[in-house]
Protein chains: 2
Amino acid sequence: MLSKKTKYGLKALSNIARKQSDSPVLISDIAEEENISRKFLEIILLQLKNSGFLGSKKGKGGGYYLLKKPEDITVADLIRVLEGPIALLPCVSLNFYEKCDDCKDEKTCSLKAFMIDVRDSTLEILEKRTLADLT
Amino acid sequence: MLSKKTKYGLKALSNIARKQSDSPVLISDIAEEENISRKFLEIILLQLKNSGFLGSKKGKGGGYYLLKKPEDITVADLIRVLEGPIALLPCVSLNFYEKCDDCKDEKTCSLKAFMIDVRDSTLEILEKRTLADLT
DNA sequence: CATTACCCTAGTAATTCAATAGGCTTTATG
DNA sequence: CATAAAGCCTATTGAATTACTAGGGTAATG
């Protein structure tokens with residue numbers, strides 16, 4: 001299951017993408033429209049900014065805006081930034097690999113091959129879909 | 001990512017399945033072979049027993065054994081018992097449905113349709129693979 | 001009847017989640 | 001230049017979850 005942070009982040013980006021306006025979108029507007037705590041949303045949008053998905057403008061008339069076209073932002077990339085690894089086990093993660101400390105020998109692990117299949121099948125859909133697919 | 005409980009549970013079942021012996025398998029043997037804390041493993045195996053996947057025999061010569069053939073136990077069912085919902089959001093879970101409290105209207109949610117697609121694509125693989133596929 | 005091996009209840013340290021609080025800095029505009 | 005608007009930054013916190021640990025109870029076998 002996704003954390004609320006990820007869910008809120010996706011909803012917020014979808015909200016901004018839907019507007020397609022020239023002027024930046026206010027945190028407060030997103031918070032109200034999507035029923036998200038304003039302060040919590042601040043943290044999330046800041047993270048999306050620091051990860052290069054959003055730009056911001058301070059002061060009056062400021063707000064957040066997309067740095068790329070929605071169809072150029074994959075859901076996989078967003079989930080990696082907001083939630084972390086997509087794989088079910090750290091030892092089969094492409095972007096966040098870590099050795100399982102209980103595994104005596106990774107080569108003979110009974111789960112690994114299967115988990116790689118699951119990962120690939122998940123990536124198949126998450127890397128094809130983009131922000132533009134989130135209405 | 002799967003919790004350690006789920007990972008340990010799958011490894012333990014795979015261990016029992018691999019043995020295919022008539023005599024039950026000891027908790028201690030599994031714990032040692034798979035590098036799992038013995039006490040933690042007790043809890044996990046008990047849960048798998050209460051969920052109908054394993055049977056047990058007490059006393060000398062006791063241990064745990066499978067109640068079904070490995071090829072009749074889907075990974076999806078195991079993950080549901082050990083980990084919980086497979087869907088990424090509660091509102092698209094088939095077995096653990098819950099309304100999102102931030103959603104003003106589920107019908108117009110920007111994420112729902114997409115999350116249903118992800119769920120279906122995940123189930124596609126998790127319901128086809130069985131314990132027999134976990135070496 | 002003693003040993004073996006599963007069963008059951010409790011507790012707990014560490015981490016993560018989901019915020020909340022409060023002030024600071026930057027910018028546009030009158 | 002003053003003021004209001006709007007994002008930025010730091011710190012804290014309550015609740016829940018995770019990953020165990022401790023210690024004994026109970027049933028079956030030989």
Side-chain angles (χ1 to χ4, degrees), chain A residues 1-12 16 21-32 34-51 53-67 79 82-85 88-90 96 98 100-102, chain B residues 1-12 16 22-32 34-51 53-67 82-85 88-90 96 98 100-102:
Chain A
M1 300 269 281
L2 298 176
S3 64
K4 291 201 173 179
K5 191 173 105 178
T6 303
K7 181 171 68 163
Y8 293 165
L10 294 177
K11 279 191 171 187
I16 297 175
S21 75
D22 285 344
S23 53
V25 183
L26 302 189
I27 295 183
S28 312
D29 285 355
I30 303 172
E32 200 191 336
E34 306 291 342
N35 259 318
I36 303 170
S37 140
R38 191 233 140 102
K39 277 293 192 180
F40 192 23
L41 186 57
E42 270 189 24
I43 298 170
I44 298 167
L45 294 181
L46 207 49
Q47 192 181 344
L48 287 169
K49 184 197 161 190
N50 292 332
S51 317
F53 294 102
L54 290 175
S56 70
K57 216 182 139 190
K58 287 185 187 174
K60 196 169 186 178
Y64 281 99
Y65 50 89
L66 293 176
L67 287 178
I79 289 184
L82 292 164
E83 188 79 16
L88 292 182
L89 293 181
F96 300 84
E98 264 182 75
C100 290
D101 41 358
D102 59 294
Chain B
M1 299 270 278
L2 297 177
S3 64
K4 292 201 171 178
K5 190 173 106 179
T6 302
K7 182 171 65 163
Y8 293 163
L10 294 177
K11 280 192 169 184
I16 297 175
D22 284 345
S23 54
V25 183
L26 302 189
I27 294 183
S28 312
D29 286 355
I30 303 173
E32 200 192 336
E34 306 291 344
N35 258 319
I36 303 169
S37 140
R38 191 234 141 100
K39 277 293 190 179
F40 193 24
L41 186 56
E42 272 190 22
I43 298 171
I44 298 167
L45 294 182
L46 207 49
Q47 191 181 345
L48 287 169
K49 185 198 162 192
N50 292 332
S51 317
F53 293 103
L54 290 175
S56 70
K57 217 182 141 188
K58 287 186 186 174
K60 194 165 186 180
Y64 280 99
Y65 51 90
L66 293 177
L67 288 179
L82 292 164
E83 187 79 14
L88 292 182
L89 292 181
F96 300 84
E98 263 182 76
C100 291
D101 42 357
D102 59 292

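Lettering follows sequence order; numbering is per chain, from 1.
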Figure out the [atom1]/[atom2] separation between [X] and [N], and round it to whole Å.
X        : N      : atom1 : atom2 : answer
A/Asn50  : D/dT10 : CG    : P     : 11 Å
B/Ile44  : D/dA19 : CD1   : P     : 9 Å
A/Leu48  : D/dG7  : CG    : C1'   : 15 Å
B/Asp102 : C/dC17 : CG    : C1'   : 15 Å
B/Lys57  : D/dG30 : NZ    : C1'   : 12 Å
B/Leu45  : C/dC7  : CG    : C1'   : 12 Å
A/Asn35  : C/dA19 : CG    : C1'   : 15 Å
B/Glu83  : D/dA19 : CD    : P     : 8 Å

Stepwise side chain to side chain contact (heavy atoms under 4.5 Å, CB included) check, A/Ile30 with A/Leu45: CA-CA 10 Å; A/Ile30 303 172; A/Leu45 294 181; 4.2 Å; yes

Compare the minimum distances between each of [options] and the side chain of [X], then state the nucleotide with the smallest one.
X       : options                : answer
A/Lys60 : D/dA19, D/dC8, C/dT27  : C/dT27
A/Glu42 : D/dC8, C/dA19, C/dA28  : D/dC8
A/Ser56 : D/dT21, D/dG7, D/dG30  : D/dG7
A/Lys39 : C/dA21, C/dA19, C/dT27 : C/dA21
B/Leu46 : C/dA18, C/dG23, C/dC8  : C/dC8
B/Phe40 : D/dC20, D/dC8, C/dA18  : D/dC20

N-O pairing of B/Lys4 and A/Asp102 below 4.0 Å: no

B/Glu34 (side chain) donor-acceptor with B/Tyr8 (main chain) under 3.5 angstrom: no

Gap between atom CG of B/Leu82 and atom CG of B/Leu48 - 0.5 Å precision: 5.0 Å

Looking only at side-chain N and O atoms, does [X] come under 4.0 Å of OP1 or OP2 in [N]?
X       : N      : result
B/Ser37 : D/dA19 : no
B/Arg38 : D/dT21 : no
B/Tyr8  : D/dA19 : no
B/Lys58 : D/dG25 : no

Contact class for [X] vs. all strands (heavy atom < 4.0 Å): base, sugar-phosphate, or nothing?
X       : result
A/Leu26 : sugar-phosphate
B/Ile27 : sugar-phosphate
B/Lys7  : nothing

Minimum heavy-atom distance between B/Leu89 and A/Lys7, given as atom pair plus value: CD2-CD, 3.6 Å

Closest non-hydrogen atom pair, B/Ile36 against B/Leu41: CG2-CB, 4.0 Å

Upstream residue (5' side of DNA chain C) when A/Gly59 and A/Ile43 are each assigned their closest nucleotide: A/Ile43

